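Here is the structure we will look at, set down as structure tokens.
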Amino acid sequence: MEFSINLASPEKAQAEYLVLPLAGKKLPSALSKLDTASNGALSALASSDEFGEKAGSTLASHLPAAGGKLQKLLLVQTGKEVDAAGARKLADVIAKALIGAKLTSAAVWLGGIKGASLDVISAAISQAIVFESYRFTAFKSEPDPAPALTRIQYLVTKKGETEAAEAGLARGLAVGHGMNFTRELANLPPNACTPTYLAEEAVKLARHYGLKSTVLDTPELEALGMGSFLSVAKGSVQPPKLITLEYRGGAKSAKPVALVGKGITFDSGGISLKPGEGMDEMKYDMGGAAAVLGTFRAVAELGLPINLVGVIATCENMPAGNASKPGDIVKSMAGTTIEILNTDAEGRLILCDALTYTARFEPEVVIDLATLTGACIIALGHVASGLYANNDELADALLAAADDTGDKAWRMPLWDDYQEQLKSNFADVANIGGRPAGSVTAACFLARFTKDYNWAHLDIAGTAWKSGAAKGATGRPVPLLVEYLLQRGLKKGKK
Ligand code: BES
Ligand code: MN
Ligand code: ZN
């Protein structure tokens, strides 16, 4: 797909499909030439009852007698003023129409949108088009056809607008590509997307963008004392991997942000076996790891002026004769002994060692991403990710990024009161805290291993994928993370 920004009036658009966002039902003067060329058909369409006044309403039509390549027209109602959320909604409507059409070229006129900056609008539309054009084809004998659309141009009215539209385009593409990379990895079946496969993909990504990468295998994990991580992996024939990525776009002296991902490529529950229904969806238990890789892709594509570290702990959680059992006690890299009361609470067992390991990068901020608890879905549903943080400034920055992108997150507490639930009679800590506040106690478990740095945890159990007829990975929380890192890069640049 090819995107371009053109300083041209809509009547000059060299495209088959023309999208005209309009604020209200009256044609602005910028469209009068096109209206004349179409013998007044355009103004008639805009003022007709079929074109609603509610933002997001559309009216599609052939474009009679407009000349040139133009075949089809889509009017999109923007409402009076468009805010960031409105821009995303508009972008969604436009992207779905363009991707659903059988035409190969489209022009989107950006002159008719009021309120949101051109930068924001161009980013939203670009991201939505990339997102909507994703298809999972790897295992389909007759895959859904790829979208016909190959050329998209944005039409701007003033010379000064080109730059803002370009900046938005670059951002939208990078986030869209990052999300689709995350979605593809997560959608892959667990017999294809193994820990080894994830490590290979990480190394490939690193080669492509000139990042540093390392992959640690079992003997090295043993030498590091990662008894907790290894206890999860040992019931599987697939070997575990600890993957690290390093992107250096910032000052040499600038401490990095670290992203830590849960990469359980299949969570059967282990000896505490899960029920069969819906168990296939536990292939998505590497959604945190996939989001780390997707975010790296976006950050590298944009060349953000920050330093970023990625740490992914990846393995399978399987039952076996040599698998961990309820009652087993293991020793983490930090030296904490953990009583495994339920082998299905495995995410925290691999993350605690990954989080301890991450300290060696002397990060300024650590954010872990994990499909950690079913309880988080009970608390927040599929709308918001659960956000936990031991630092208010970090929490606020992440909430702001969530707000700006619509990739919603909601802050949850980490009060010490909850630590009571993790008491063990036989070890330093238990790996489960009972049914009450299950998402909180999981986060509180992690909090014991993150005292030495600014840390946030995103429980993405409810947001990383969709179930039901539209089953598939969402690419979240890549938009939130990229926005947070973008804002961080801007701030650092000012200092
Ligand atoms: N990967 C699951 C969490 C999960 C479950 C995410 C369903 C999305 C949908 C995690 O490893 C898990 O099994 N957690 C247990 C914890 C419990 C045993 C304390 C859970 O949530 O039931
Ligand atoms: Mn589990
Ligand atoms: Zn899990």
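Predicted model only: the values in this text are computed from it and were never measured. Residue numbers run from 1 in the order of the sequence given. In each ligand, atom 1 is the first atom listed, and ligand 1 is the first ligand listed.
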Other residues, nucleotides, ligands: >12 heavy atoms within 6.0 Å of Lys274 NZ:
yes
Is the Zn ion (ligand 3) less than 2.8 Å from an N/O/S atom of Lys262, whether that atom is in the backbone or a side chain?
yes
Closest to [atom] among [options] (heavy-atom distance):
atom                    : options                        : answer
atom 9 (C) of ligand 1  : Glu281, Arg435, Met282         : Met282
atom 15 (C) of ligand 1 : Asp344, Ile378, Ile350         : Asp344
atom 21 (O) of ligand 1 : Cys376, Gly347, Gly270, Gly374 : Gly374

Run the side chain to side chain contact (heavy atoms under 4.5 Å, CB included) test on Leu230 and Thr218 for me, step by step, so that the C-alpha distance in whole Å, both residues' side-chain angles and the decisive distance to 0.1 Å come before the verdict.
CA-CA 8 Å; Leu230 287 165; Thr218 303; 4.0 Å; yes
So, Gln419 versus Arg448: side-chain donor-acceptor pair below 3.5 Å or not?
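There is such a pair (donor and acceptor under 3.5 Å, judged by atom type) between the side chains of Gln419 and Arg448.
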Any chance the side chains of Thr265 and Gln238 put a donor and an acceptor closer than 3.5 Å?
no
Within 2.8 Å of the Mn ion (ligand 2), is there any N, O or S atom belonging to Asp267?
yes
Per-residue contact class, [X] against ligand 1 - non-hydrogen pairs under 4.0 Å:
X      : value
Asn317 : neither
Trp465 : side chain
Met279 : neither

d(Asp459 CG, Thr373 OG1) to nearest 0.5 Å is 3.5 Å
